[in-house]
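Okay, structure first, notes after.
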Amino acid sequence: MKIDKDTVDKLSTLAKLEFENEAKDGIVNDLSRIITFIEKLNELDTEGVEPLIYMSDEVNVMRDDEVRVEITQDQALKNAPEKDSDYFRVHKVIDN
Amino acid sequence: MNETIYDKYEPVIGLEIHIQLNTKSKAYSSDSASYGGMPNSHVSPISLGHPGTLPMVNKQVVENAVLLGLALHCDIREVNGYARKNYFYADLPKGYQITQDTTPICTGGYLTIKDKNGAEKQVSLTRIHMEEDAGKSIHDVDPFASLIDLNRAGVPLLEVVSEPELRSGEEAFQYVTEMRKLVKYLDICDGNLEEGSMRCDANVSVRLKGDTKLGKRCEVKNMNSMRNVQRAIEYEIKRQIDELESGGSISQDTRSFDAVAGTTFVMRSKEMANDYRYFPEPDLPPIIIKEAYINTVRAKLPTLPDALFKQYVSEYHLSVYDATVLTDAKEVSDYFNELIKHTTNYKSAANMVMGPIKSYLNEMAIEMVDFPVSASRMASLIVLIEEGKISHSVAVQKVFPEMVLSSDKTPLAIAETMNLIQESDDHALKEFIEQALSKYPDKVLEYKAGKIGLIGLFMGEVMKLSKGKADPKVANKLLIEALAY
């Protein structure tokens, strides 16, 4: 897989990260190396093998529709870097 | 603008409806899913997206999805997986929404819509999948920050996606109307568009009539009432045709409806389109749905409004209008069904529900479930009218208001106490008629000479003498007999 500056730009947009232009060459290089390393797996023949998604054979693990109060509002807000008495406060986000 | 320009085009509309389920707890965690409560009080480490937490599927969500799927004639998938839809937003603490991607629980199926004249159209469905709601962001309270309430984060949703088979804003309105009615009958959602427990997005495009290729489409969001769905789509159709006719092209944007201006504006352009990087959710093991389970859910299906409508029209011979009003809400048709267990006078029962009962509910601003008169008491009022003991107007104007006040008195007892029972006893009536006729000997001669309109005068006198209790039908018959010789 070809990694170039456009790939880095796209990924940084999706990851909400910003990089200096000079840093991008280094990132292209690092990403290319890790991808090449992982691409080694392509040498295996996986024809007819279902992708492994779950780490157990369990199915239908469900719970009854019952309410359990596990934490209070105070506890919910406790670890937030910014909050008021009722809400989490975050940087102003207007969907555009 | 020339009308014929718009006639050259065919609008193509598909709808995505998000149905917020009325379960007690959330989709993948046990915190309360109920609306209201202090901000951030209906939360848990799972819905807050804390690391190391594991979601677990709410049984009721699966059952409700199957219920809706069966009601919409869908195929129910046997092996269901969940997926993560990744995007960053402050009210989505995990950074992904747990949804279904490649294995929606329901596929195919259709919803039948009706136009004003009762003409039907089947709108095909693409899929229904299970997912979770995000929290709520508040942008207009604090000038320097957005406020986040996660009470809604993780509340279960079903997303119903239609095929692009709708052809007008009016049809879209009918589609949302029928879907809303259905989820309320199934009692899986309160169907409130204004409060957001049902949300509708529309994919709208236009093409020249006869074209088989679809035009470029725009997605329209934020239509928070049934009428706004129609208005937004109608505006969007016109906007796209105007754009094409003036030589422009349609940009594949996400647009938002401005209900005040009645217009749509760009929310997200195609360039800004998200890349959600769906991948399987490994934390939720697959849900396997077998035929036996589907049958137990099927047994819970109530009679659906569509079937009731047909029954009311073809079996009970009610008008399309009556049947539409009676099947508009489950509580109303439930009451009507209960009523006609006690009387076979369907038209009269329909009139009672749509007339005095509905006005009473409106006046008191209460719901059908809180209506104080039982169906069997109400039915005995209808029987009183049928037996000729009281007239319809006396029933509605005098007896009915008493019935809603007292919880136990029968309509007959009320009518007797208020001295409202009609005289249909021939002997008593004949005496009134004799008195009436002897009061106007001249008029009797005039009547006999052919001035038959005078019957009204005699009837009026009979009613007066009987203090309004004479059964008009019987009195009229006896009066004509008395005047015949």
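Protein chains get the first letters and strands the later ones, always in sequence-line order, with residue 1 at the start of each. Scope of the values below: all heavy atoms of this structure, side chains included, with no hydrogens, waters or symmetry mates. Only a predicted model underlies this, so the values are computations on that prediction, with no experimental measurement involved.
Minimum heavy-atom separation, Tyr87(A) to Leu77(A): C-CD2, 3.7 Å.
By number of non-hydrogen pairs under 4.5 angstrom with chain B, the leading residue of Val61(A), Asp57(A), Asp64(A), Leu14(A) is Leu14(A). Top candidate by heavy-atom pairs under 4.5 Å with chain A, chosen from Ala33(B), Pro143(B), Ser256(B), Ser29(B), is Ser29(B). Comparing Asn58(B), Ile289(B), Val61(B), Thr23(B) by how many heavy-atom pairs each has under 4.5 Å with chain A, the most go to Asn58(B). When each of Met55(A), Met62(A), Lys10(A) is scored by its heavy-atom pairs under 4.5 Å with chain B, the top score falls to Met62(A). Counting heavy-atom pairs closer than 4.5 Å to chain A, the top-ranked of the candidates Ser32(B), Ser30(B), Ser44(B), Pro285(B) is Ser30(B).
Within residues 93-102 of chain B, no residue has any heavy atom under 4.5 Å from a heavy atom of chain A.
For Asp84(A), the part lying under 4.5 angstrom from a heavy atom of chain B is the side chain only. Residue Asn79(A) touches chain B through its side chain alone, counting heavy-atom pairs closer than 4.5 Å. Of the atoms belonging to Val90(A), heavy atoms from both backbone and side chain fall under 4.5 Å from chain B. Proximity to chain B (any heavy atom under 4.5 Å) is shown, for Lys83(A), by neither the backbone nor the side chain. For Ile53(A), the parts lying near chain B are the backbone and the side chain together; criterion is any non-hydrogen pair under 4.5 Å.
Ionic pairing of Lys85(B) and Glu131(B) is not present here: no N-O contact between side-chain nitrogen and carboxylate oxygen is shorter than 4.0 angstrom. With salt bridges taken as basic N to acidic carboxylate O contacts below 4.0 Å, one links Glu236(B) and Arg255(B). Here Arg89(A) pairs with Asp142(B) in a salt bridge; the nearest charged N to carboxylate O distance falls below 4.0 Å. Ion pair Asp91(B)/Arg152(B) not flagged as a salt bridge, since none of the NZ, NE, NH1 or NH2 atoms sits closer than 4.0 Å to an Asp/Glu carboxylate oxygen.
In this structure, the side chains of Thr7(A) and Asp4(A) come closer than 4.5 Å at one or more pairs of heavy atoms. Between Arg63(A) and Lys59(B) there is no side-chain heavy-atom pair separated by less than 4.5 Å. Inter-residue side-chain proximity for Leu92(B) and Tyr87(B) is flagged as met; some heavy-atom pair is nearer than 4.5 Å. By the 4.5 Å heavy-atom criterion applied to side chains, Glu132(B) and Leu157(B) are not counted as neighbours.
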